[in-house]
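The structure under discussion appears below in the form of structure tokens.
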Amino acid sequence: MTVTASRLKEIRQEFARLKPATVTLDGNRAMTVKQAIFTLAPTLERMKKRGFDTQEIVEKLHEKGIEVKPQTLTKYLTEARRQKEGRKARRQDTPPPPPKLEQRGSFIVADIPDDEL
């Protein structure tokens, strides 16, 4: 089959209208319990710091329709914390960008003094 420009335009328009299978009719994505806990992790961690124990948090989640066992909640929060720490470590390992150079006339001048280079 030969693909023409007009056929590509039709395909592009059709693809733009497609919705993923995991999107519900009201536009909200269906999430797994793990995804929900990862999303709520910062809030749940703050609840723990304010004095809520794991069982109380599990009960509050049950009230909101999120069924999770205490051990599973602890496991997911630990994973979320490690994932967050891993992202921070990767950002710190990234070398700083090179100094920007500015061109003035026919000379290129660094924005950092020579004694700092």
Side-chain angles (χ1 to χ4, degrees):
M1 174 182 187
T2 304
V3 180
T4 63
S6 60
R7 179 68 183 136
L8 286 175
K9 183 178 178 183
E10 291 172 14
I11 292 169
R12 185 181 319 142
Q13 290 172 344
E14 182 181 332
F15 282 7
R17 290 188 299 267
L18 290 178
K19 302 257 189 249
T22 59
V23 175
T24 61
L25 292 176
D26 62 352
N28 291 327
R29 252 183 344 119
M31 298 177 88
T32 65
V33 171
K34 185 174 186 175
Q35 290 171 323
I37 299 301
F38 272 54
T39 302
L40 293 171
T43 302
L44 301 177
E45 292 287 358
R46 282 192 297 276
M47 287 176 72
K48 287 182 111 179
K49 287 180 182 175
R50 290 190 342 242
F52 286 88
D53 66 22
T54 302
Q55 185 59 43
E56 289 174 309
I57 294 172
V58 165
E59 291 169 8
K60 295 293 181 190
L61 289 169
H62 283 259
E63 290 173 13
K64 299 299 180 187
I66 300 173
E67 302 294 326
V68 64
K69 295 178 183 175
Q71 303 90 327
T72 307
L73 175 62
T74 300
K75 177 184 170 193
Y76 289 167
L77 288 175
T78 301
E79 285 181 38
R81 197 176 314 113
R82 285 187 182 142
Q83 203 175 70
K84 182 180 174 184
E85 289 168 358
R87 282 193 298 265
K88 282 184 183 177
R90 280 194 299 276
R91 277 186 288 203
Q92 291 172 352
D93 292 342
T94 307
K100 294 181 181 179
L101 298 177
E102 179 182 323
Q103 185 172 358
R104 294 183 190 156
S106 61
F107 297 98
I108 296 177
V109 180
D111 61 352
I112 298 177
D114 289 337
D115 58 343
E116 291 182 25
L117 291 176

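Below, all heavy atoms of this structure are taken into account, side chains as well, without hydrogens, waters or symmetry copies.
Note that the CZ atom of R7 and the CD1 atom of I11 stand 4.0 Å from one another [nearest 0.5 Å]. The distance from the CE atom of M47 to the CG atom of D53 is 10.0 Å, given to the nearest 0.5 Å. In this structure, CD1 on I66 lies 5.5 Å from CD1 on I37, to the nearest 0.5 angstrom.
Closest heavy-atom contact between V68 and H62: O-NE2, 3.1 Å.
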**Request:** List the steps and the verdict of side chain to side chain contact (heavy atoms under 4.5 Å, CB included) for T4 and K9.
**Result:** CA-CA 9 Å; T4 63; K9 183 178 178 183; over 6 Å; no

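Within the structure, salt bridge (charged side-chain N to carboxylate O under 4.0 Å, His left out) pairs that include any residue of residues 54-66 do not occur (at least two apart or interchain).
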List the atom pairs, donor and acceptor, that lie under 3.5 Å between side-chain atoms in residues 69-78 and the rest of the protein, sequence neighbours left out.
residue	atom	partner	partner atom	Å
T74	OG1	P70	O	3.0
T78	OG1	T74	O	2.9

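Contact check on R82 versus E79 returns no salt bridge, with no Lys/Arg side-chain nitrogen under 4.0 Å from an Asp/Glu carboxylate oxygen.
A search for side chain to side chain contact (heavy atoms under 4.5 Å, CB included) contacts involving R12 returns nothing, not counting sequence neighbours.
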